[in-house]
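Keep in mind that this is a model prediction, so the values were computed, not measured.
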Amino acid sequence: AVASGPDGKLLALGIDRRGYGPDEEPPTDLGMWSSADGITWTPIPAPPNHWLIDVVATGEEWIVVGAAAGRDPDGTHTVWRSADLESWSASALPGGSDLPAPYVALVLGPDGRVLVTGCRPLPPDIRLQAHCSEGGRAWAESGAGWEVVDLPFIPWATSGNDERFASIGVAGEKWAAWTSPDGISWDRGDPWQSGTAFPDVMVRMGDGFVAGGTLEADGRWWPALWLSRDGSSWSEPQRLPVAAPPQETSVYAVTQTPTGIVAMGYAYEDWAVAYRWTLHRDG
């Protein structure tokens with residue numbers, strides 16, 4: 001993960017695996033690196049014995065989330081904040097060892113509010129029936145209160161837009177859209193769509209949102225995009241063109257350009273083929 005913070009300085013999180021065998025866990029060089037230009041990087045001190053999972057930044061500070069590393073971690077997830085990449089303040093999150101590191105992510109709202117999303121394998125919540133890959137429900141925490149709430153879960157599919165957050169997740173056995181003005185209370189939107197779909201990524205685009213993923217149609221899986229103005233009501237899918245009907249496919253990245261939208265992913269035809277799709281504003 002990487003983010004641009006005060007003065008445009010970049011902070012990257014990662015692991016240096018050079019010189020270590022596949023059975024060594026955790027790698028001893030879990031770390032942070034900073035850069036002023038994205039080309040030259042300097043290691044900086046990082047919290048010891050922690051996986052560093054995600055980072056966001058404001059104009060005043062960087063915010064990092066991580067978890068204890070090792071074969072028998074205590075599962076405590078921690079959020080660190082720093083304005084200078086030298087001194088850090090830490091806040092432990094509730095949860096315990098049932099919070100798998102790959103499913104934790106940070107989201108920065110437009111008002112500076114920070115959401116921490118993740119999943120816990122607890123019995124399904126009666127109100128939402130939210131689902132994550134570990135089974136159970138998801139949680140988000142905001143501000144100093146760290147209140148736990150239930151919401152549908154896809155860690156990479158939550159975004160801040162004006163004064164709302166939006167998320168796409170599973171309620172019962174169906175995908176649904178949810179929005180929240182504060183990250184604490186969430187409202188369910190319109191039915192996600194007809195047919196079977198699996199969104200992989202959702203991003204903010206100007207005043208709206210774009211989601212990319214996989215659509216089942218005609219007995220095949222197709223790459224597709226969905227558009228929304230408010231994160232609650234979503235368009236029918238726009239199927240992305242491919243050279244041949246794929247056996248499997250996905251859309252992994254979507255971004256905005258001055259002329260429209262660019263999406264990237266792959267389609268497995270006779271072999272996996274990388275694709276870039278463009279959608280012009282007038283299209």
Query raised in the report: Considering residues at least two apart in sequence or located in another chain, which fulfil the ring pair (Phe, Tyr, Trp, His ring centres under 6.0 Å) criterion with W88?
Result: none
Report task. Check ring pair (Phe, Tyr, Trp, His ring centres under 6.0 Å) between W222 and all other residues, then give those that pass, not counting sequence neighbours. Result -> none
Nearest non-hydrogen partners of [X] and [Y], listed with the distance:
X    : Y    : result
S87  : S82  : O-OG, 2.8 Å
A57  : G5   : CB-CA, 3.6 Å
R204 : F209 : CA-CD2, 4.1 Å
P237 : W226 : CB-NE1, 3.3 Å
A177 : G231 : CB-O, 3.5 Å
G31  : A46  : CA-CB, 4.0 Å

A side-chain contact here means heavy atoms from C-beta on lying under 4.5 Å apart; do [X] and [Y] qualify?
X    : Y    : value
V64  : D54  : no
V210 : L225 : yes
W234 : M202 : yes
W80  : L52  : yes
I261 : H280 : no

Query raised in the report: Where do D37 and K9 land on the salt bridge (charged side-chain N to carboxylate O under 4.0 Å, His left out) test, with the steps shown first?
Result: CA-CA 7 Å; D37 57 11; K9 183 178 290 186; over 6 Å; no
Quick one: does [X]'s side chain have a donor or acceptor within less than 3.5 Å of a partner on [Y]'s backbone?
X    : Y    : answer
W277 : P241 : yes
S233 : D190 : no
D230 : S232 : yes
Q247 : E269 : yes
W41  : G38  : yes
Y275 : A263 : no
S235 : L227 : yes

[X], [Y]: one ILVMFWY side-chain cluster at the under-4.5 Å cut-off?
X    : Y    : result
V56  : V65  : yes
V242 : W271 : yes
V55  : L85  : yes
L13  : I44  : yes
L240 : V254 : yes

Requested in this report: Just say parallel, tilted or perpendicular for the rings of Y252 and Y266, cut-offs at 30° and 60°.
Outcome: parallel
Query raised in the report: Without hydrogens or angle criteria, can the side chains of T179 and D187 be said to hold a donor-acceptor pair below 3.5 Å?
Result: no
Could you measure the distance from the [atom1] atom of [X] to the [atom2] atom of [Y]? Nearest 0.5 Å is fine.
X    : Y    : atom1 : atom2 : value
D7   : D84  : CG    : CG    : 11.5 Å
E61  : L11  : CD    : CG    : 12.0 Å
W221 : E248 : CH2   : CD    : 11.0 Å
T40  : W33  : OG1   : CH2   : 15.5 Å
S4   : W62  : OG    : CH2   : 8.0 Å
E86  : S34  : CD    : OG    : 9.5 Å

Requested in this report: Apply side-chain contact (heavy atoms from CB on, under 4.5 Å) to L279 and Q238, showing your working.
Outcome: CA-CA 10 Å; L279 180 66; Q238 297 190 24; 4.0 Å; yes
